[in-house]
Amino acid sequence: MFDIKALYEAFSVEEATRLLLEHPEARVMAGGSDNLIKIREGKLANREFVSIYMIDELREIKLEEDGTLRIGSLCSFTQVASDPLVLKLVPTLAKAVSLVGGPQVRNIGTIGGNTCNGITSADSGATLVAYDAEVELHGAEGLRRLPLRDFYKGVGKVDLRPGEIQVAIRIPRSSYEGYVGEYIKYAMREAMDIATLSCSVNLRLSEDKKTVEDLRIAYGVAAPVPTRALAAEAAGRGQPLDQNFIPKVLAHITEGLSPRESWRASQAFRLHLIKATAKRALETVLQRSGVSQG
């Protein structure tokens, strides 16, 4: 059923790096929810794999001294969705990962695998980009960090160097404190389906709730990788909260985005969804912020 040439099991991050350098053609195996399907389909037949499943240190979710939320890359979607720190500090992420597949997929699939597969429809991708998250990577030269936006290099491609594995996702305190967010996933089915389009919004208001101090809007399936709507963000940032705020943002919402045409949806329909999901998400976060748009 599964045509695997060899499976090497690592019990530490250092051992995983060593095995990957010794076997440069090997792929990393975390939860296996993506790899095993591809093996069964014959797309990864007779390949070598390095399993990192036994590295328990990568399953920790903690708050660092500077307030950064650090999520180990082997944390399952179920763990992330139910973790008290995630629910308190970045609840939009908890919502996003709770919409991945079904219970079986959420129990075995990992947030690290979801970001490392480089797929634009990954539920965690747009939300983490909207939180200005960064990834922590371990390789032969030690640790390095880079923004998740820069980690994505194209369809199915991420910035992983030889021998390197992703060990954590970090969300700085300045990226979540004071923000109210929302995640909307549009799919053809209500469950067990990937996103036709997804939208994640984070909004921070002034203390008197009259001005937009910061705005982040990120999309999945609106470009080859999870992408921020930078022109729309700029149009809304610093604006007074009046009846013109949302229309000003929506006037620029599709700039810089290039949704694809596929059997799931036409490009025109995805462009419609970009506007519709942003409008709904913005209305929701304003309501949660105690701001009336009536």
Side-chain angles (χ1 to χ4, degrees), residues 1-61 70-81 83 97 100-125 128 133 135-146 148 151-170 192 194 225-226:
M1 182 176 180
F2 295 113
D3 182 10
I4 297 176
K5 181 179 180 180
L7 177 65
Y8 309 100
E9 195 153 60
F11 291 87
S12 68
V13 172
E14 292 74 18
E15 186 177 13
T17 292
R18 177 180 60 80
L19 286 168
L20 287 168
L21 290 173
E22 290 175 356
H23 306 276
E25 300 302 317
R27 288 174 60 100
V28 172
M29 179 85 76
S33 56
D34 288 333
N35 278 329
L36 292 179
I37 292 173
K38 292 178 181 178
I39 294 170
R40 187 173 60 188
E41 292 175 343
K43 296 177 181 178
L44 296 176
N46 198 33
R47 291 289 298 270
E48 293 180 310
F49 293 88
V50 173
S51 171
I52 61 173
Y53 189 78
M54 300 303 290
I55 309 178
D56 284 338
E57 67 184 87
L58 302 186
R59 290 187 172 87
E60 183 181 24
I61 299 177
R70 188 179 189 275
I71 303 172
S73 293
L74 274 185
C75 291
S76 69
F77 299 120
T78 298
Q79 180 184 354
V80 175
D83 183 83
V97 299
V100 175
Q104 301 94 329
V105 173
R106 293 193 293 271
N107 286 341
I108 194 66
T110 65
I111 194 165
N114 204 225
T115 51
C116 283
N117 65 18
I119 302 301
T120 184
S121 58
D123 288 292
S124 68
L128 287 169
V135 290
E136 187 171 284
L137 310 167
H138 182 278
E141 299 177 0
L143 286 175
R144 70 181 177 108
R145 295 171 181 163
L146 73 159
L148 181 62
F151 185 58
Y152 292 111
K153 292 300 182 184
V155 179
K157 298 178 181 180
V158 293
D159 185 10
L160 277 173
R161 298 170 181 173
E164 204 168 46
I165 65 169
Q166 186 198 113
V167 294
I169 293 167
R170 304 172 77 254
M192 296 293 289
I194 65 172
V225 297

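Computed from a prediction, not measured in an experiment: that's the story for all the values here.
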message: Under the criterion side chain to side chain contact (heavy atoms under 4.5 Å, CB included), I'd like the reasoning laid out for Asp123 against Phe77: C-alpha separation, chi angles, the key distance, then a yes or no.
response: CA-CA 10 Å; Asp123 288 292; Phe77 299 120; over 6 Å; no

message: Checking Ile119 against Ile194 for the side chain to side chain contact (heavy atoms under 4.5 Å, CB included) test, could you report, in this order, the C-alpha distance in whole Å, the side-chain angles of both residues, the deciding distance, and whether it holds?
response: CA-CA 10 Å; Ile119 302 301; Ile194 65 172; over 6 Å; no

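- The structure places NZ of Lys153 at 11.0 Å from CG of Leu160, a figure rounded to the nearest 0.5 Å.
- With rounding to the nearest 0.5 angstrom, the CG atom of Leu74 is 8.5 Å from the CG atom of Asp56.
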message: Show, in sequence, the C-alpha distance, side-chain angles and deciding distance for Val13 and Ile165, and conclude whether the side chain to side chain contact (heavy atoms under 4.5 Å, CB included) test is met.
response: CA-CA 8 Å; Val13 172; Ile165 65 169; 4.1 Å; yes

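- The distance from atom CZ of Arg145 to atom CD of Glu136, rounded to the nearest 0.5 Å, is 4.5 Å.
- Closest of all the heavy-atom pairs between Ile39 and Met29 is CD1-CE, 4.4 Å.
- Contact annotation: the side chain of Asp159 never approaches that of Leu137 to less than 4.5 Å [non-hydrogen atoms, C-beta and beyond].
- Looking at Val135 and Val158, their side chains never come closer than 4.5 Å, going by heavy atoms from C-beta outward.
- Evaluation of the ring-ring contact (aromatic ring centres under 6.0 Å, His included) rule for Tyr8 yields His23 as partners, not counting sequence neighbours.
- Taking CD from Glu141 and CZ from Arg161, the interatomic distance works out to 6.5 Å, rounded to the nearest 0.5 Å.
- Looking at Leu143 and Val167, their side chains come closer than 4.5 Å, going by heavy atoms from C-beta outward.
- Shown here is Glu57, whose CD atom has more than 12 heavy atoms of other residues, nucleotides or ligands within 6.0 Å.
- Partners of Glu22 under the salt bridge (Lys or Arg N to Asp or Glu O under 4.0 Å) rule, at least two apart in sequence or in another chain, are Arg18.
- Taking both residues in full, the closest heavy atoms of Gly101 and Val105 are given as CA-CB, 4.4 Å, listed atom of the first, atom of the second, then distance.
- When atom types are taken as modelled, the side chain of Glu15 and the backbone of Phe11 share a donor-acceptor pair closer than 3.5 angstrom.
- In plain terms, the two heavy atoms of Gly125 and Pro226 that are nearest each other are C-CB, 3.9 Å.
- With values rounded to the nearest 0.5 angstrom, Glu14 atom CD is found 8.5 Å from Ile55 atom CD1.
- Within 6.0 Å of atom NZ in Lys5, 12 or fewer heavy atoms from other residues, nucleotides or ligands are found, so the atom counts as exposed in its surroundings.
- For the atom pair Asp34 CG and Asn117 CG, the distance stands at 5.0 Å (nearest 0.5 Å).
- Under the 3.5 Å distance criterion, with hydrogens and angles disregarded, no donor-acceptor pair is assigned to the side chains of Ser76 and Asn107.
- Cation-pi geometry between Arg59 and Tyr53 is satisfied (NZ or CZ under 6.0 Å from the ring centre, within 45° of the ring normal).
- Nearest approach of Thr110 to Ser73, heavy atoms of both residues: CB-O, 3.5 Å.
- Nearest heavy-atom pair across Leu7 and Ser51 is CD1-CB, 4.0 Å.
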- request: With side chain to side chain contact (heavy atoms under 4.5 Å, CB included) as the test, would you mind laying out the steps for Thr120 and Val155 before giving the verdict?
  value: CA-CA 7 Å; Thr120 184; Val155 179; over 6 Å; no

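- When all heavy atoms of Phe151 and Cys116 are compared, the pair lying nearest together is CZ-SG, 4.0 Å.
- In summary, of the residues considered (Leu44, Leu19, Val28), a side-chain contact (heavy atoms from CB on, under 4.5 Å) with Phe49 occurs for Leu44 alone.
- When atom types are taken as modelled, the side chain of Arg106 and the backbone of Val100 share a donor-acceptor pair closer than 3.5 angstrom.
- Of the residues Lys43, Arg40, Arg27, the one that meets the side chain to side chain donor-acceptor pair (under 3.5 Å) test with Asn35 is Arg27.
- Side chains of Ile169 and Leu148 form no contact here, defined as non-hydrogen atoms less than 4.5 Å apart.
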